[in-house]
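Chain letters run A, B, ... following the sequence lines, proteins first, then strands; residues in each count from 1.
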2 protein chains.
Amino acid sequence: MSLRAIIDKSLGDRPAAKGRIRQRQEGAILKAAEKVFARAGYQGATLNEIAETAGVPKPTLHYYFSSKEALYRAVLDNILALWLAETDTLTVDADPAAALEHYVRAKMRLSAERPDASRVFANEILHGAGHIGYFLRSELRELVRDRADVIARWVADGRIAPVDGTHLFFTLWAATQTYADFDSQICAVLGKARQTVADHVRATDHVLTVVMRTCGLPWPRTDVPPTLPEARHTCST
Amino acid sequence: MSLRAIIDKSLGDRPAAKGRIRQRQEGAILKAAEKVFARAGYQGATLNEIAETAGVPKPTLHYYFSSKEALYRAVLDNILALWLAETDTLTVDADPAAALEHYVRAKMRLSAERPDASRVFANEILHGAGHIGYFLRSELRELVRDRADVIARWVADGRIAPVDGTHLFFTLWAATQTYADFDSQICAVLGKARQTVADHVRATDHVLTVVMRTCGLPWPRTDVPPTLPEARHTCST
DNA sequence: TCGGAACCTGACTGTTTGGTCAGATTCCGT
DNA sequence: ACGGAATCTGACCAAACAGTCAGGTTCCGA
């Protein structure tokens, strides 16, 4: 089953691919909603502000999304798909160092490029995950179980140092998402108005160091030529 | 200057030690407010719910705290003091392994015993730290600078492996606080209704493993007898 | 025990919020 | 060019909210 199919199944399908106008408007509204929900949380966000940000009158919001709740769910839908991605490389047959590096870089990239998505997700979890509890308890739990098994195999085969795979994921998520979720704290401590690309590179290198040393893997990697420079990011807040 | 004095100075002093009744009532209200703010965030929390939780009529809230904002600030005040604590052992002369273990355990204990405090703090940072930006940019920033210097000295003296002190704090905070802030996600992935004491022990051991290996320190420690069993925790959600 | 201060609260208010609706306008297949 | 469907919106509403206030009760030092 495809990822999209899994998500659709869990969240209840919404009618697909409507008209041209509908697609553009829904996109604009979802984008605005993600920004406002990220800044103010579910309760703190107002439909007025979302409408203003999207550049449409408030009733237009209700034309496309029946309620604030429905709009929020739609925003979460898009985010959940992002959250399960990039774990494909974590397989028993993969090279642990390469696979972990790929996953960490993907997570750090997500924090830098989609901080609002990360914040909406964090806010939802922080306040009890009332809207996505089923997702966490089914899709995410199964994914973690599978990947933790891979970690356990690597450990059993002596390919990485002994480590709890499940908790490794908790640490990895926390360490990467903190750069998006707690951006204001990080900027304050760094004494900057916003994180720069250089900060992002340094942070990525640090998290990779933490993960690699935790798994007893050499870092920087010595068996392969250095990876290509990262794609350009938007680190703006 | 004492920690309390620093906090008072930064946040604007509130008249100290009032009458017996006032002290008890303010305490009950603050406790209820922390719980409600943690569950629903600032905007989501209602004075009605806080009043009900505290077991007093709503106007009584306004008798002790002039506004919702003032009550929220008072809740944050108590939390900020907790946040700066336990860093005393991180000094140049200390044993890196012992000092780091102490700090990590203190942070994990805080996540287990005061999850609501952690969540209120997380929520405040997540939404831009509008109320405590000055605190992050002054007190916290100075503290991190000092402690990061200690880490740098340890590195320079070859006592721990090379690591960025500032980012090590980001990682350490993220890894420890995730057990409080993202409790609902962790419980879902673990397939439990709440984290148990055993889970807490396992999580603490994992985070210690991550930190120690990151710093190139032996773990479990071999130079000292095992520490005494941890004090009993309340891990209930 | 007396009197002022501290404490308490039912009933209220102005504002903001999510949501509705009738009717106007635009789109687009035929 | 026609007509039904899709899209749009100004004006409105009920509920929930933070905050107020007048008037009561309890506390406690002298």
Side-chain angles (χ1 to χ4, degrees), chain A residues 14-77 120 123-124 127 130-131, chain B residues 14-77 120 123-124 127 130-131:
Chain A
R14 281 175 303 130
K18 304 294 190 57
R20 197 184 88 261
I21 297 176
R22 183 174 209 93
Q23 216 155 340
R24 176 164 40 87
Q25 291 288 62
E26 285 188 351
I29 292 169
L30 285 171
K31 186 177 169 187
E34 182 177 286
K35 182 188 291 187
V36 176
F37 280 132
R39 205 180 48 75
Y42 177 74
Q43 311 258 14
T46 71
L47 293 183
N48 259 314
E49 191 181 350
I50 294 173
E52 206 170 323
T53 303
V56 301
K58 194 174 54 161
T60 298
L61 251 57
H62 281 97
Y63 177 73
Y64 288 104
F65 298 94
S66 59
S67 66
K68 185 185 183 180
E69 170 100 10
L71 175 55
Y72 182 64
R73 297 273 298 230
V75 169
L76 278 179
D77 283 10
V120 171
N123 191 71
E124 171 65 16
H127 296 126
H131 299 84
Chain B
R14 281 176 303 129
K18 303 294 190 57
R20 199 184 87 258
I21 297 176
R22 183 173 208 92
Q23 216 155 341
R24 176 164 40 86
Q25 291 287 65
E26 284 187 351
I29 292 169
L30 285 170
K31 187 177 167 186
E34 182 177 287
K35 183 188 291 186
V36 177
F37 280 131
R39 204 179 49 74
Y42 177 73
Q43 312 257 14
T46 71
L47 293 182
N48 258 314
E49 191 180 350
I50 294 173
E52 206 170 322
T53 304
V56 301
K58 193 174 56 161
T60 299
L61 253 56
H62 281 97
Y63 177 73
Y64 288 104
F65 299 93
S66 59
S67 66
K68 185 184 185 182
E69 169 100 10
L71 174 56
Y72 182 65
R73 297 273 298 231
V75 170
L76 278 179
D77 283 9
V120 171
N123 191 71
E124 171 65 16
H127 296 125
H131 299 86

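Rounded to whole Å, atom C1' of C/dC7 lies 16 Å from atom NE2 of B/H62. Per the geometry, CG belonging to A/N48 stands 14 Å off P belonging to D/dT9, to the nearest Å. For B/E26 and C/dA6, the CD to C1' distance is 13 Å, given to the nearest whole Å. The nearest whole Å value for the distance from the CD atom in B/E69 to the P atom in D/dC17 is 18 Å. With rounding to whole Å, A/L47 atom CG is found 4 Å from C/dG18 atom P. If you take CD of B/E52 and C1' of D/dC17, they are 15 Å apart, rounded to a whole angstrom. Atom CD in A/E49 sits about 13 Å away from atom C1' in C/dT16, given to the nearest Å. Rounded to whole angstrom, the span from the CD1 atom of A/I29 across to the P atom of D/dT9 amounts to 10 Å.
With C/dG19, D/dC17, D/dG19 as the candidates, the nucleotide lying closest to the side chain of B/S67 is D/dG19.
Counting only heavy atoms from C-beta outward, the side chains of B/F37 and B/I50 approach each other to under 4.5 Å. Using a 4.5 Å cut-off on side-chain heavy atoms (C-beta onward), B/H127 and B/Q43 make no contact. Counting heavy atoms from C-beta on, the side chains of B/I29 and B/E26 never come closer than 4.5 Å.
Proximity of A/R20 to the phosphate of C/dC28: a side-chain N or O atom is located under 4.0 Å from OP1 or OP2. Within the 4.0 Å cut-off from OP1 or OP2 of C/dC7, at least one side-chain nitrogen or oxygen of B/R22 is found.
Evaluation of the salt bridge (Lys or Arg N to Asp or Glu O under 4.0 Å) rule for A/E124 yields no partner, not counting sequence neighbours.
Under a cutoff of 6.0 Å and an axis angle of 45°, B/K68 and B/Y42 form a cation-pi pair.
Minimum interatomic distance between A/F65 and A/A70 (heavy atoms only, all atoms of both residues): CD2-O, 4.5 Å.
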Base-contact (B) and sugar-phosphate-only (S) positions in nucleotides 8-13 of chain C, heavy-atom cut-off under 4.0 Å, - elsewhere: SBBB--
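By the 6.0 Å contact criterion, CD on B/E69 is enclosed, its count of non-hydrogen atoms from other residues, nucleotides or ligands being greater than 12.
Contacts of B/A45 with the nucleic acid, taken as non-hydrogen atoms under 4.0 Å apart, involve only primed sugar atoms and P, OP1 or OP2.
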